[in-house]
Amino acid sequence: MSFTSAPTAGDNPSPPPSAAAAAVPELRQPGMERTGIVDENGAMTNEFVVGEFDEEVIDSVVDEKNGSDENGGGVLRGKIGKFKVCDESMRDYIPCLDNMEGRLERHCPPKGKGLDCLVPWPKGYKLRITWPKSRDEIWLSNVARTPFAKGKAGNKWVVRKGDKYIFPGDRTQFAQGVNQYLDQISKMVPEIAFGQRTRVVMDISCGIASFGAYLMDRNVSTLSIATKDVHNNQIQFALERGVPAMFAAFTTHRLLYPSQAFDMIHCSRCSINWTRDDGILLLEVNRMLRAGGYFIWAAEPVHKHEENLFAPLKEMEDLTRRLCWELLKKESDIYIWRKPLNNSCYLSHAPAVQPSLCSAGDDPDNVWNVNLTKCITQLPENGYGANVTAWPARLHSPPDRLFSIKMDAELSRREIYRAESNFWYTVIKGYIGAFRWETLNLRNVLDMRAVYGGFAAALHDFNFDCWVMNVVPVSGPNTLPVLYDRGFIGVMHDWCEPFDTYPRTYDLVHAAALFSVEKNRCNVTTIMLEIDRILRPGGRVYIRDTTPVIEELVEIAQALGWVSFKYDSSEGPHSNWKLLIGEKRL
């Protein structure tokens, strides 16, 4: 089977792949309906449907009238003119954080006031330095010239050298260097077992994310988070280095990660008062920490003559005791606690002990626009979340929490899970053969509709040295717990709103069956503008969707200035599915 393609935008586009390239299988509309045949090994027939299949969705795409619906969704009809370039002052614009009300909390632009132009890149911007070299150096011209950059360049964390910023691994907030600090943690509690028992980590108030950068050498995936106003552009430094990082407003709402997501949560001199407001922020950490997981706190050093500073330490020890965390080890200013495996300790508390357990009706995985609460999240009585296998076996082992997702297909979930993994393995194999993916030097990858994480798993299986931000849209079933149980990182998001990251974050943006699902909720042109904002110059976009949707996206891609190609699926030109590939050239 050969590809047929046609250039859709740009001058002197690259030639399409040869006709002898491996065929890429068709992606059908993902869904909860069980159709087709799956054997006990998860092998999928050509007629198997993964995800939310609904013939009315296809019909609505075909029959859709011109214009958008009353909610502002829909795909624009007719020719679209070229988008203008935004003002130079918007080169680091983050829509829901860069506004008068935002900063600590998300406040997205009101309807009709969103981004309508192409965010420019800085003068002198260069194609990023490839990983792993980028861990230690980045181009000075690629990051904002903020007080952070000026200040840190004057200390030992970041050193300006010619046209680069250098990050010496032995000159961080960790006195002896990052690797020595990680070795110290391993010696204090060997059961942490980086890269085996401990696979997914959160680093709070992450600085320039050196903690997460060096954990990658130990097969640990670390999500580094920070708020925007306090840490300025440290997240931008982390992303330019090629380290997973994003903004997170640790204030009044739940963070956008599921319960029992992280095997370990780390906070080193993070300037957070964990005991304030009855410990509400530490209770949120407790929600996200896996049963049996570890919380590591490197406190500010307290000297004997600073007796007034001992009180917060005592308060912290008291609060963690009431959370039933076991203090495993204290060495110098480093504390390591372990969360219990079940609710027995909580249930033994006297009624007057605070904080109390959350109500049985509380859904700890419900995180979109949910307020923080001053209660202890209950652990599942069936042990779900606590009994994940060690890495790397957990990558392909269907986790128990697969059965806690609110969806159909009660009896075939493992088969659907395996089928999705097999499907994306085949697709990525086709991409490697057809589109020479081995030459792309992928590092920061975004999957806009991750489902069970089959796309990320395939990238791992083919040894791509990259990380994937797996997004679970609010419009579908919440599969985030499964993604974390597999050993991946991810976040919940509503694609009707901008994503909380810097412009030029990702080398590759992947969207499978996203637009046909979201087109009736969101403005599709706005989503495409957002993709362009967060895509690096030189980056690529792979969009698989229904033929009518792809036809409309081709026009928007032209307006964005992408060099793009449209491909038939392996079933030929009359299939309902197409592949759009766009390149944002520097």
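- A search for ring-ring contact (aromatic ring centres under 6.0 Å, His included) contacts involving Tyr542 returns Tyr431, Phe435, Trp437, not counting sequence neighbours.
- Under 3.5 Å, the side chains of Ser134 and Glu240 contain no donor-acceptor pair of N or O atoms.
- In this structure the side chain of Thr525 reaches within 4.5 angstrom of the side chain of Phe83, judged on heavy atoms.
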Please output the side-chain donor-acceptor pairs of residues 117-124 that fall under 3.5 Å, not counting sequence neighbours, one pair per line with the distance.
none

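- In this structure, OG on Ser404 lies 7.5 Å from OH on Tyr384, to the nearest 0.5 angstrom.
- Here the straight-line distance linking atom CD of Glu284 with atom CG of Leu289 works out to 11.5 Å at 0.5 Å rounding.
- Judged as a salt bridge (Lys or Arg N to Asp or Glu O under 4.0 Å), the pairs with a partner in residues 241-261 (not counting sequence neighbours) are, in order, Arg254-Asp362.
- The closest donor-acceptor contact from the side chain of Asn142 to the backbone of Lys126 lies under 3.5 Å.
- To the nearest 0.5 Å, atoms CG (Leu508) and CG (Leu442) are separated by 5.5 Å.
- Not counting sequence neighbours, the partners of Asp494 by the salt bridge (Lys or Arg N to Asp or Glu O under 4.0 Å) test are Arg521.
- Between Phe455 and Trp424, the ring planes are perpendicular. Angles over 60° get that label, and only those under 30° would be called parallel.
- Remark: Tyr257 engages Phe262 in a ring-ring contact (aromatic ring centres under 6.0 Å, His included) (not counting sequence neighbours).
- By the side-chain contact (heavy atoms from CB on, under 4.5 Å) test, Ile376 pairs with Leu283, Asn286, Leu323, Tyr346, Pro355, Leu357, sequence neighbours left out.
- Salt bridge annotation for Lys566-Glu551: present, with a cationic side-chain nitrogen under 4.0 angstrom from a carboxylate oxygen.
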Residues Asp92, Asp98; criterion side-chain contact (heavy atoms from CB on, under 4.5 Å); working and verdict: CA-CA 9 Å; Asp92 296 307; Asp98 287 338; 5.8 Å; no

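- Under the side-chain hydrogen bond (donor to acceptor under 3.5 Å, both in side chains) criterion, Glu530 pairs with Arg533, sequence neighbours left out.
- Judged purely by atom type and a 3.5 angstrom limit, Arg449 has no side-chain atom pairing as donor or acceptor with the backbone of Leu514.
- Between the side chain of Gln236 and the backbone N or O of Thr505 there is no donor-acceptor pair closer than 3.5 Å.
- Scored by the salt bridge (Lys or Arg N to Asp or Glu O under 4.0 Å) test, Arg486 finds no partners at all (sequence neighbours excluded).
- Arg413 places a side-chain N or O within donor-acceptor distance of the main-chain N or O of Ile405, the cut-off being under 3.5 Å.
- Side chains of Asp568 and Trp577: a donor-acceptor N/O pair is absent below 3.5 angstrom, by distance only.
- Distance CD1/Ile129 to CG/Asn441: 12.5 Å, rounded to 0.5 Å.
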Derivation and outcome, side-chain contact (heavy atoms from CB on, under 4.5 Å), residues Phe499 and Val471: CA-CA 10 Å; Phe499 197 60; Val471 176; 4.0 Å; yes

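- Every residue meeting the ring-ring contact (aromatic ring centres under 6.0 Å, His included) condition with His460, not counting sequence neighbours, appears here in chain and number order: Trp391.
- Residues Val524 and Ile556 are in side-chain contact: their nearest non-hydrogen atoms beyond the backbone lie under 4.5 Å apart.
- Residues His253 and Trp368 place their aromatic rings such that the two centres sit no closer than 6.0 Å.
- Summarising the geometry of Cys358 relative to Thr373, their closest heavy-atom pair is SG-OG1, 4.4 Å, with the distance given to 0.1 Å.
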ring-ring contact (aromatic ring centres under 6.0 Å, His included) between Trp274 and Phe250, worked out: CA-CA 11 Å; Trp274 292 113; Phe250 216 155; 5.8 Å; yes

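- Counting only heavy atoms from C-beta outward, the side chains of Ile265 and Val201 never approach each other to under 4.5 Å.
- A distance-only check finds no donor-acceptor pair linking the side chain of Asp500 to the backbone of Leu97 [under 3.5 Å].
- Side-chain N or O atoms of Arg504 include none that pairs as donor or acceptor with a backbone N or O of Val143 at under 3.5 Å.
- Residue Pro109 comes nearest to Tyr93 through the heavy atom pair CG-OH, 3.9 Å, listed as atom of the first residue, atom of the second, then distance.
- No side-chain N or O of Thr547 forms a donor-acceptor pair with one of Asn576 less than 3.5 Å apart.
- Ser224 approaches Val243 most closely through the heavy-atom pair OG-CG1, 4.3 Å.
- By the 4.5 Å heavy-atom criterion applied to side chains, Thr130 and Arg443 are not counted as neighbours.
- To the nearest 0.5 Å, the span separating CG on Leu480 from CZ on Arg401 amounts to 9.5 Å.
- Distance alone, capped at 3.5 Å, is enough to place a donor-acceptor pair between the Thr479 side chain and the Val451 backbone.
- Side-chain N or O atoms of Arg287 include one that pairs as donor or acceptor with a backbone N or O of Leu255 at under 3.5 Å.
- Asp545 and Lys578 are not joined by a salt bridge, as no carboxylate oxygen comes within less than 4.0 angstrom of a charged side-chain nitrogen.
- Under the rule for a salt bridge (Lys or Arg N to Asp or Glu O under 4.0 Å), the partners of Arg290 that lie at least two apart in sequence or sit in another chain are Asp263, Asp485.
- With sequence neighbours excluded, the residues that form a salt bridge (Lys or Arg N to Asp or Glu O under 4.0 Å) with Lys374 are Asp277, Asp278.
- The two atoms that bring Gly582 and Ser564 nearest to each other are CA-CB, 3.9 Å, heavy atoms only.
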Derivation and outcome, side-chain contact (heavy atoms from CB on, under 4.5 Å), residues Met448 and Trp495: CA-CA 9 Å; Met448 297 179 71; Trp495 284 115; 3.7 Å; yes

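- Under a 3.5 Å cut-off, the side chain of Asn470 and the backbone N or O of Gly453 do not form any donor-acceptor pair.
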Intermediate values then yes/no, side-chain contact (heavy atoms from CB on, under 4.5 Å), Leu372 and Leu281: CA-CA 8 Å; Leu372 295 176; Leu281 298 183; 3.8 Å; yes

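- One N or O on the side chain of Tyr484 and one on the backbone of Gly490 form a donor-acceptor pair closer than 3.5 Å.
- Met469 has its side chain within reach of Leu223: a pair of non-hydrogen atoms, C-beta onward, lies under 4.5 Å apart.
- Pairing each heavy atom of Thr227 with each of Phe247, the nearest pair is C-CD2, 4.0 Å.
- Listed here is the closest heavy atom pair of Ser205 and Ala226: CA-CB, 4.4 Å.
- Within the 4.5 Å cutoff, the side chain of Pro537 has heavy atoms near those of the Tyr125 side chain.
- Between Phe565 and Leu580 the shortest side-chain heavy-atom distance does not fall below 4.5 Å.
- Within the model, atoms OH of Tyr502 and CG of Leu239 stand 9.0 Å from one another, a figure rounded to the nearest 0.5 Å.
- Leu535 pairs by the side-chain contact (heavy atoms from CB on, under 4.5 Å) definition with Val509, Val541, Lys584, not counting sequence neighbours.
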